[in-house]
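In what follows, a single structure is set out as structure tokens and then discussed.
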Amino acid sequence: MEDLGGSRPMANLDHPPNSRLFLVISKSTSEEVIRENFSFFGEIQDIWVVRDKQSKDHKGIAYVKFAKSSQACRAMEEMHGKALTEDTKPIKVFIAQSRGSGSHRDVEDEELTRIFVMIPKSYTEDDLRENFKEFGDIEYCSVIRNKGTGESKGFGYVRFLKPSQAAQAIENCERSFKAILAEPRNKPTYSENDYMSGTRQDPLSYGSGYDPPRGQTMFPFGEFTNFGTSEMRGGEMRAEIRSEMRGGENISTCLSVSTRGLLSHEQVYSLFDIIPGLEYCEIQRDPYMGYGKGYAIVRYSNVASAVYAKEKLHGFEYPPGNRLGVSYIEGDSGDRRSNPVGMMALQLVAAQMMTLACNSPVGQQMMPTSPGHGGSSSTQMSRLQVGFSLPAPQNFAPSDSTVRERLFVVFNPTVLPLDILEDLFCRFGNLIEVYLVPGRNIGYVKYAERHSATNALDTLHGKVVNGIKLKVMLADPPREESHKRQRTH
DNA sequence: CGACGGGACGC
DNA sequence: CGACGGGACGC
């Protein structure tokens, strides 16, 4: 029905998994009404109202394809059981079965709330919880251990309360976790009695309009990772603030934050608390505007912090697709400092940024960190020190991208931490993965585009990064395939 | 109860 | 001169 891009048909109805909804609706409900009610939750790629092939009769069924599973899950959670119009019955909303499955069984929450993750052997359940709590309400975490020795097997499970929370964890957690939905632990022996025991959430109890998702956070800081890295030195920040001041706006310590989507106090607070000096945060929600609109007020202890917060967060998408609007508002009373920005305040902010970006929960998301290195609770500064210029960080390629080129990297005298390497190699675009060979000073870097790999090679070969010398070469094909076509030099 | 369409060519 | 990973659970 819909292909707004026009140029290309939709990639795949089953991709990413669990991004398509199955709706049971009134036969009088139009595609437009569906769109009006569901576009709030994210990018709709396709809406299909099912009709009888011959008679064209509305069958009371529709499919809605979202770009992301988390969007589909949120829509399901919030719209299930709602009446779209006053004269129609409450609708039912489920994650659609994948197209080839042939199954018409409802997809249960059980299958959508537990994720399977790879973790360092040293990880405990508490470490897991610390790393995943930002994505939502965790029911439990488990680390699978060898029964005899108690040693971790290097993987674990995290159960969230809501499907959207698990989906967000999968979409946004560190790639080294390799998070995927866990298979239900009892093999498909569907004894229909098992889930009647009442321990799981009844789908109909989804957001009844008064229970918006809580604790849900999503930190799409892909273009934001230069925050606190070598890209963000104090001098640059001072220049940034000065240019901001030339804009002629009425700067103040108080900001208003407008948002289309729902944001909790915790979300706004933790987002703006990245910038030091946050003193106050308050959510304003107009009850008559329903879910669509809201705004928050935040105040900093000094103008420099407010200026910086506005500069960095105005127009920022949080969550993705929800563009924040940040502007100055009159602070209460004469708190406004007519003597605006002293160099001391600026330098203070610049210095604190370096530290706090690493210590705040949100700040950690902005920094490439790795669960595989440096232990669980210790966060390390991932800052690149190089004697040459580097492009800005870029987003990774989708994790299921085809590997188009691979680099082989030798480190001397020792390897660099994985998070540093990801920060480094992502700057040429289309990075899929950095893999370090355990116990060796070598690694492989996978790219989804050849030009990204060759740019990285040209820029980095023979260079010194954080005191470590790199040799960067095109990797030979993996051994397994060598029998196909032996490259005899 | 309530499960799968339509569109489609540039080299 | 260094060359190649890992994935399923104690109700």
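Naming: A, B, ... by sequence-line order, numbering from 1 per chain.
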Item checked: Nucleotide nearest A:P478 when distance is taken to its side chain, options C:dC4, B:dC4, C:dA3 ->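 Between C:dC4, B:dC4, C:dA3, the one nearest the side chain of A:P478 would be C:dC4.
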Notebook entry, point to check: Considering only B:dA3, C:dG6, C:dG2, which nucleotide approaches the side chain of A:Q97 most closely?
Noted result: B:dA3
Next item on the list: Using the test side chain to side chain contact (heavy atoms under 4.5 Å, CB included), find all partners of A:P90 that sit at least two apart in sequence or belong to another chain.
Entry: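 Side chain to side chain contact (heavy atoms under 4.5 Å, CB included) list for A:P90, sorted by chain: empty.
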Note to self: By the 4.0 Å heavy-atom rule, please label A:K121 as base, sugar-phosphate, or nothing.
What the structure shows: nothing
Note to self: At 4.0 Å (heavy atoms only), tell me whether A:N412 reaches a base, stays on the sugar-phosphate, or touches nothing.
What the structure shows: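 Result for A:N412 = nothing.
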Under the side-chain hydrogen bond (donor to acceptor under 3.5 Å, both in side chains) rule, collect the residues that match up with [X], sequence neighbours excluded.
{"X": "A:E43", "result": "none"}
{"X": "A:D57", "result": "A:S55"}
{"X": "A:S69", "result": "none"}
{"X": "A:R145", "result": "A:E125"}

Item checked: DNA chain C-proximal residues of residues 459-472 of chain A, any heavy atom under 4.0 Å -> A:K471
Can you tell me the distance, in whole Å, between the [atom1] atom of [X] and the [atom2] atom of [N]?
{"X": "A:R99", "N": "B:dA3", "atom1": "CZ", "atom2": "C1'", "value": "10 Å"}
{"X": "A:I34", "N": "B:dG2", "atom1": "CD1", "atom2": "C1'", "value": "14 Å"}
{"X": "A:D52", "N": "B:dC4", "atom1": "CG", "atom2": "C1'", "value": "13 Å"}
{"X": "A:K92", "N": "B:dC1", "atom1": "NZ", "atom2": "P", "value": "10 Å"}
{"X": "A:L407", "N": "C:dC4", "atom1": "CG", "atom2": "P", "value": "17 Å"}
{"X": "A:F411", "N": "C:dA3", "atom1": "CZ", "atom2": "P", "value": "14 Å"}

Margin query: Quiz question: going by heavy-atom distance under 3.5 Å, is there a donor-acceptor pair between the base of B:dG2 and the side chain of A:K89?
Written below: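 For A:K89, whose side chain was compared with the base of B:dG2, there is no donor-acceptor pair (under 3.5 Å).
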Checklist line | Side chain A:D46 and base B:dG5 donor-acceptor under 3.5 Å | finding: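 Yes, the side chain and the base share a sub-3.5 Å donor-acceptor pair.
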So which protein nitrogen or oxygen atoms get under 3.5 Å of nucleotides 8-11 of chain C's nitrogens or oxygens?
| unit_1 | atom_1 | unit_2 | atom_2 | d |
| --- | --- | --- | --- | --- |
| C:dA8 | O4' | A:Y157 | OH | 3.3 |
| C:dA8 | N1 | A:E183 | N | 2.9 |
| C:dA8 | N3 | A:Y157 | OH | 3.0 |
| C:dC9 | N1 | A:Y157 | OH | 3.4 |
| C:dC9 | O2 | A:R114 | NH1 | 2.7 |
| C:dC9 | N3 | A:R114 | NH1 | 3.1 |
| C:dC9 | N3 | A:R114 | NH2 | 2.7 |
| C:dC9 | N4 | A:R114 | NH2 | 3.2 |
| C:dC9 | N4 | A:E183 | O | 2.8 |

Check: Does A:R406 have a side-chain nitrogen or oxygen under 4.0 Å from the phosphate oxygens OP1 or OP2 of C:dC4?
Finding: no
Note to self: On the nucleotide B:dG2, are OP1 or OP2 found under 4.0 Å from the side-chain N or O atoms that A:K59 carries?
What the structure shows: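 No, A:K59 has no side-chain N/O under 4.0 Å of OP1/OP2 on B:dG2.
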Item checked: Pairs satisfying side chain to side chain donor-acceptor pair (under 3.5 Å), at least one member in residues 435-449 of chain A, at least two apart ->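 Of all non-adjacent pairs touching residues 435-449 of chain A, those that pass side chain to side chain donor-acceptor pair (under 3.5 Å) are A:E433-A:K446.
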Margin query: With syn defined as a glycosidic angle within 90° of 0 and anti as the rest, where does B:dC9 land?
Written below: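 Syn.
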Margin query: Ignoring hydrogens and geometry beyond distance, is a side-chain donor-acceptor pair present between A:S103 and A:S101 at under 3.5 Å?
Written below: no
Next item on the list: Begin with the C-alpha distance, continue with both residues' side-chain angles, and end with the deciding distance and a verdict on salt bridge (charged side-chain N to carboxylate O under 4.0 Å, His left out) for A:E110 and A:R159.
Entry: CA-CA 9 Å; A:E110 194 78 19; A:R159 170 83 73 180; 3.1 Å; yes
Notebook entry, point to check: Hey, do the aromatic rings of A:H80 and A:F94 have their centres closer than 6.0 Å?
Noted result: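 Yes - the distance between ring centres of A:H80 and A:F94 falls below the 6.0 Å cut-off.
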Item checked: Listed once per pair and sorted, the salt bridge (Lys or Arg N to Asp or Glu O under 4.0 Å) pairs that draw on residues 455-477 of chain A, sequence neighbours left out ->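 The answer is none; no pair qualifies.
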